[in-house]
2 protein chains.
Amino acid sequence: MNTAPAASSASADEPRWLTDEEQRVWRSYIEAATLLEDHLDRQLQRDAGMPHVYYGLLVKLAESPRRRLRMTELAMSAKITRSRLSHAVARLEKSGWVRREDCPSDKRGQFAVLTEEGQEVLRRHAPGHVDAVRQAVFDRLTPEQQKSLGEIMRIVAEGLQPSGTGADLPWLR
Amino acid sequence: MNTAPAASSASADEPRWLTDEEQRVWRSYIEAATLLEDHLDRQLQRDAGMPHVYYGLLVKLAESPRRRLRMTELAMSAKITRSRLSHAVARLEKSGWVRREDCPSDKRGQFAVLTEEGQEVLRRHAPGHVDAVRQAVFDRLTPEQQKSLGEIMRIVAEGLQPSGTGADLPWLR
DNA sequence: TGATGGAAGTTGAGACTTCAAGCAAGTTCG
DNA sequence: CGAACTTGCTTGAAGTCTCAACTTCCATCA
C-alpha cells in the first residue's frame with residue numbers, strides 16, 4: 001500500500017512515487033499475499049491445528065538428514081528470527097511434534113528434531129495442504145506464469161536476504 | 001512449504017504433489033513474501049511506529065472521499081477481518097491517527113476517519129516507505145516482470161476473494 | 001406490530017510475534 | 001591464562017491476530 005500524492009514532475013528531492021501502473025501491481029501483490037497467507041493459515045489451523053509457518057518448520061525438518069536442524073539453521077532457512085523460532089519450537093514441542101536435543105559439539109547448540117508424531121501429522125495433512133496451494137495458485141497460472149513467478153520471487157528474496165549467502169555457518173564445515 | 005514424498009507415478013487417489021519445479025517456485029514465493037513482509041513491517045515500525053497493515057489502512061482512508069470509510073468497507077478493501085480491523089482502529093485511534101464517527105443512516109454503522117495527524121504521519125513517512133518498496137521490489141524487476149507480477153497476483157487474489165465481487169454493499173447504492 | 005433472521009461492529013481470551021535484554025558457552029588475543 | 005567479544009539460544013512483556021461469542025440495529029413479512 002502506498003500513497004500517490006498529486007502527480008507532479010519529479011522535482012529534485014521529490015521522492016520517486018509509484019506510477020499508477022506500479023501502484024496497481026503493488027496493490028495486487030499486497031492483496032494476494034494477504035489473502036493467500038490468510039487462506040493457508042486457516043486451512044492448516046483447521047485441519048492440522050497449526051499455522052502455516054509452523055507447518056513449514058515441520059517440512060524443513062522432515063527434509064533434513066536425521067530429521068533435525070540446528071535452531072539457527074532452521075530459523076535462517078525459514079526466514080524467521082531466532083526468537084520467533086524459539087517460541088514456535090516451544091509450542092511444537094508442547095504438541096509433541098518436535099523435540100529438542102543438545103548439540104554434542106557445542107554446548108550452546110540445540111537441535112530441533114521432528115518426532116514420529118510430527119511425521120505422522122505431516123503425512124496426514126500434506127495432501128490437503130498441497131491441494132490448497134494448487135487450487136489457490138498453480139491451477140490458476142499458466143506454466144509461463146509459474147516460471148515467471150519463480151524468477152521474480154527469487155530475485156526479491158535474494159535482495160532481502162539478511163546479507164551474504166548465509167551459507168557461512170561453521171557447523172556446515 | 002510443501003512435502004514431496006518419494007516420487008511416484010500418480011496412482012488413483014494419490015494427491016497431485018508439486019513437481020520439483022513447482023516446489024522451487026513455491027519456496028521462492030514463501031521466502032520472498034516472508035522476507036518482504038518482515039522488511040516492510042520493520043521499516044514502518046521503526047520510522048512511523050506502526051506495522052505495514054496499519055499503514056495500509058491509513059492510506060486507504062486517505063484515498064477515500066472525505067477521508068472516511070465504513071468499517072466493513074475498509075476491512076474488505078484491506079482484505080482483513082472485521083475483528084482485526086476493530087482492534088487495529090482501536091489502536092490507531094489511541095495513536096490519534098484515526099477517529100471513529102457514527103453513521104447517520106445506520107445506527108450500527110461506524111466510519112473510520114483519518115485525522116489531521118494521521119494525514120501528517122502519512123505525509124512524513126510515505127517517501128521512506130515508497131523507497132523501501134522500490135528498493136525491495138520495483139528496482140529489481142524489469143518492466144515485463146513487473147507487469148507479469150501484477151497479472152499473476154491479480155489472478156491469485158481474485159481466486160481467493162471471499163466470494164462475489166464484494167461490490168454489493170448496500171451503502172454504495 | 002412484532003417475531004425472525006441477518007448485518008455491523010465489538011469484545012475477551014488465547015495464540016503468535018516482536019523487541020530488547022539476558023545467560024551461557026565458544027573464540028580471540030595479549 | 002583470562003578479559004573482552006561473539007555466538008547460540010531463551011525469556012518476558014507488550015503488541016497484534018484469531019476465533020467464537022455477543023450486542024445492537026436493520027429488514028422482512030405475516
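By convention in this document, chain letters (A, B, ...) are assigned in the order of the sequence lines, proteins followed by strands, and residues within each chain are numbered from 1.
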Separation between CZ (B:Arg24) and CZ (A:Arg154), nearest 0.5 Å, reads 8.0 Å

Among D:dC9, C:dT17, D:dC17, find the nucleotide with the atom closest to the side chain of A:Arg100. D:dC9

Using distance alone, with no hydrogens and no angle criterion, decide if B:Glu144 and B:Thr142 have a side-chain donor and acceptor under 3.5 Å apart. yes

Could you tell me whether the side chains of B:Gln110 and B:Arg70 share a donor-acceptor contact shorter than 3.5 Å?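 No, B:Arg70 and B:Gln110 have no side-chain donor paired with an acceptor closer than 3.5 Å.
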
What does the list of N/O pairs under 3.5 Å between the protein and nucleotides 2-6 of chain C look like, with a distance for each?
{"unit_1": "C:dG6", "atom_1": "N2", "unit_2": "B:Arg108", "atom_2": "NH1", "d": "3.0"}

Quick check: closest heavy atoms across A:Met71 and A:Leu85, and the distance to 0.1 Å?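 The pair with the smallest heavy-atom distance is O-CD2, 2.9 Å.
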
May I ask you to decide whether A:Glu158 forms a salt bridge with B:Arg140, counting only side-chain N to carboxylate O separations under 4.0 Å? no

Decide, yes or no, whether a salt bridge links B:Arg16 with A:Asp139 under the criterion of side-chain N to carboxylate O below 4.0 Å.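 Result for this pair is yes, salt bridge flagged.
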
Mind running a 4.0 Å heavy-atom check of residues 79-96 of chain A against DNA chain D and sending the residues that fall below it, in number order?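 Of all residues in residues 79-96 of chain A, the ones placing a heavy atom under 4.0 Å from DNA chain D are A:Arg82, A:Ser83, A:Ser86, A:His87.
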
Touch check for B:Tyr54, heavy atoms < 4.0 angstrom, all strands: base, sugar-phosphate only, or nothing?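 Sugar-phosphate contact only - B:Tyr54 comes under 4.0 Å of backbone atoms but never of a base.
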
Could you check how far [atom1] of [X] sits from [atom2] of [N], rounded to whole Å?
X        : N      : atom1 : atom2 : result
A:Met71  : C:dA24 : CE    : P     : 18 Å
B:Asp41  : D:dA14 : CG    : P     : 21 Å
A:Asp38  : C:dA15 : CG    : C1'   : 15 Å
A:His39  : D:dT18 : NE2   : C1'   : 17 Å
B:Met76  : C:dG9  : CE    : C1'   : 15 Å
B:Leu74  : C:dA8  : CG    : P     : 14 Å
B:Gln110 : D:dC25 : CD    : C1'   : 12 Å
A:Lys107 : C:dA24 : NZ    : P     : 14 Å

Name all residues meeting the side-chain hydrogen bond (donor to acceptor under 3.5 Å, both in side chains) criterion together with A:Asp38; count only those two or more places apart in sequence or in a different chain, and write none if there are none. A:Arg42

Please check: side-chain N/O of A:Lys60 versus main-chain N/O of A:Leu74, any donor-acceptor pairing under 3.5 Å? no

Tell me which of B:Gln45 and A:Gly49 sits closer to the 5' end of DNA chain C, going by the nucleotide each one is nearest to.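 Looking at DNA chain C, the more 5' nearest nucleotide goes with A:Gly49.
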
Would B:Phe111 and B:Leu69 show up in the same hydrophobic cluster when neighbours are defined by side-chain heavy atoms closer than 4.5 Å?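 Each belongs to a different hydrophobic cluster.
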
Distance check: side-chain N/O of B:Arg70 vs OP1/OP2 of C:dG9, anything under 4.0 Å? yes

